[in-house]
Protein chains: 2
Amino acid sequence: MGSDKAKGHLDVLLLQVLKDGPAHGYSVASALRQRSGGMFDLPEGTIYPALHRLEEARYLESDWELVNGRRRKIYRLTNSGTAALVKERNRWAEFVAAVESVLTPVTPRPA
Amino acid sequence: MGSDKAKGHLDVLLLQVLKDGPAHGYSVASALRQRSGGMFDLPEGTIYPALHRLEEARYLESDWELVNGRRRKIYRLTNSGTAALVKERNRWAEFVAAVESVLTPVTPRPA
DNA sequence: TCCCATACATAGATACTCTAGGTATATTGA
DNA sequence: TCAATATACCTAGAGTATCTATGTATGGGA
């Protein structure tokens, strides 16, 4: 069983973290881990390709930085990325609502 | 982009529908479609293999029925399936909480 | 008679995330 | 000094879940 912790919602999570400020991949992973209370402890093999994909899609832009001899690739949200985030958040809300409506048994006959 | 509408949460949805009463595959699909407001309009190639898998896992049991010349495979939840449902619902709740905690920007300093 | 809804099934394709491997530098502590 | 750990990046291939496409068969309505 591969974990698949983000279950198809990785993009919203990444976009949201970057919305709160530019960051590099490693720190995005840390932020995600902390903010989710450890639930989203995603491996680098998940994070980096995802960031590449989002940059490819023009939702992110990046620049290389050199800090203490270590190179970092700083990502920031584009306008397009901000729009995508809004859309993805809406999709998330709709998804939750749909699942909840299935999980909540219909009251058969209100008194 | 394949839809992947249930995004890793298919099992809870199926178990919950069956929790509300025994049903056959086709009607489970209809119930899911109706109860989700059309969001979970899952193809048969998703529903049937999933039900087989859940039966294989002993979460479901089934019997064949013949109604108006049409055969139906009626599934019902086992005790084990009920327990799995509870567990899955908890996992769902935790998942939602984790995503929400990422999507909700931290209040920097409460007044 | 033809089409649509009902009702089941499965093989192979697709897509997303993970595993596992690789490179390299800085820091800590034994 | 040397090893281990944390930082920081990367990718190929594996695995898994769901979908696409296709097949069978019956009943009912136009």
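Just so it is clear: chains get the letters A, B, ... in the order the sequence lines come, proteins before strands, and each one is counted from 1.
Within a 6.0 Å radius of CZ in A:Arg33, more than 12 heavy atoms belonging to other residues, nucleotides or ligands are found.
Considering only side-chain N and O atoms, B:Tyr48 lies under 4.0 angstrom from the phosphate OP1 or OP2 of C:dC8. For D:dT11, the OP1/OP2 oxygens have a side-chain nitrogen or oxygen of A:His52 closer than 4.0 Å. OP1 and OP2 of C:dC16 both lie 4.0 Å or more from every side-chain N or O belonging to A:Lys5. For the OP1/OP2 pair of C:dC16 and a distance below 4.0 Å, the side-chain nitrogens and oxygens of B:Lys7 include no atom meeting the criterion. In this model, the phosphate group of D:dA8 is not approached by any side-chain N or O of A:Arg71 to a distance below 4.0 Å at OP1 or OP2. In this structure, B:Arg53 does not reach the D:dA17 phosphate: none of its side-chain N or O atoms is under 4.0 Å from OP1 or OP2.
B:Leu18 pairs in a side chain to side chain contact (heavy atoms under 4.5 Å, CB included) with only one of the listed residues (B:Leu85, B:Leu51, B:Leu13), which is B:Leu51.
For DNA chain C, none of the residues of residues 85-100 of chain B falls under the heavy-atom distance limit of 4.0 Å.
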Taking only N/O atoms, report every protein-nucleotides 26-30 of chain D pair under 3.5 Å with atom names and distance.
{"unit_1": "D:dT26", "atom_1": "O2", "unit_2": "B:Arg70", "atom_2": "NE", "d": "3.2"}
{"unit_1": "D:dG27", "atom_1": "O4'", "unit_2": "B:Arg70", "atom_2": "NH2", "d": "3.1"}

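Under a 3.5 Å cut-off, the side chain of A:Ser27 and the backbone N or O of A:Ala23 do not form any donor-acceptor pair. A donor-acceptor pair is defined here as one N or O able to donate and one able to accept, closer than 3.5 Å; such a pair exists between the side chain of B:Thr78 and the backbone of B:Arg58.
The residues A:Arg72 and A:Asp63 are annotated as not salt-bridged, no charged nitrogen and carboxylate oxygen being separated by less than 4.0 angstrom.
B:Glu55 has its CD atom 16 Å from the C1' atom of C:dT10, to the nearest Å.
Across all strands, A:Gly25 comes closer than 4.0 Å only to sugar-phosphate atoms, never to a base (heavy-atom distances).
Under the 3.5 Å distance criterion, with hydrogens and angles disregarded, a donor-acceptor pair is assigned to the side chains of B:Glu55 and B:Ser62. Neither side chain, A:Glu94 nor A:Asn90, offers a donor N or O lying under 3.5 Å from an acceptor on the other.
Taking OG1 of B:Thr82 as the start and NZ of B:Lys19 as the end, the distance is 7.0 Å to the nearest 0.5 Å.
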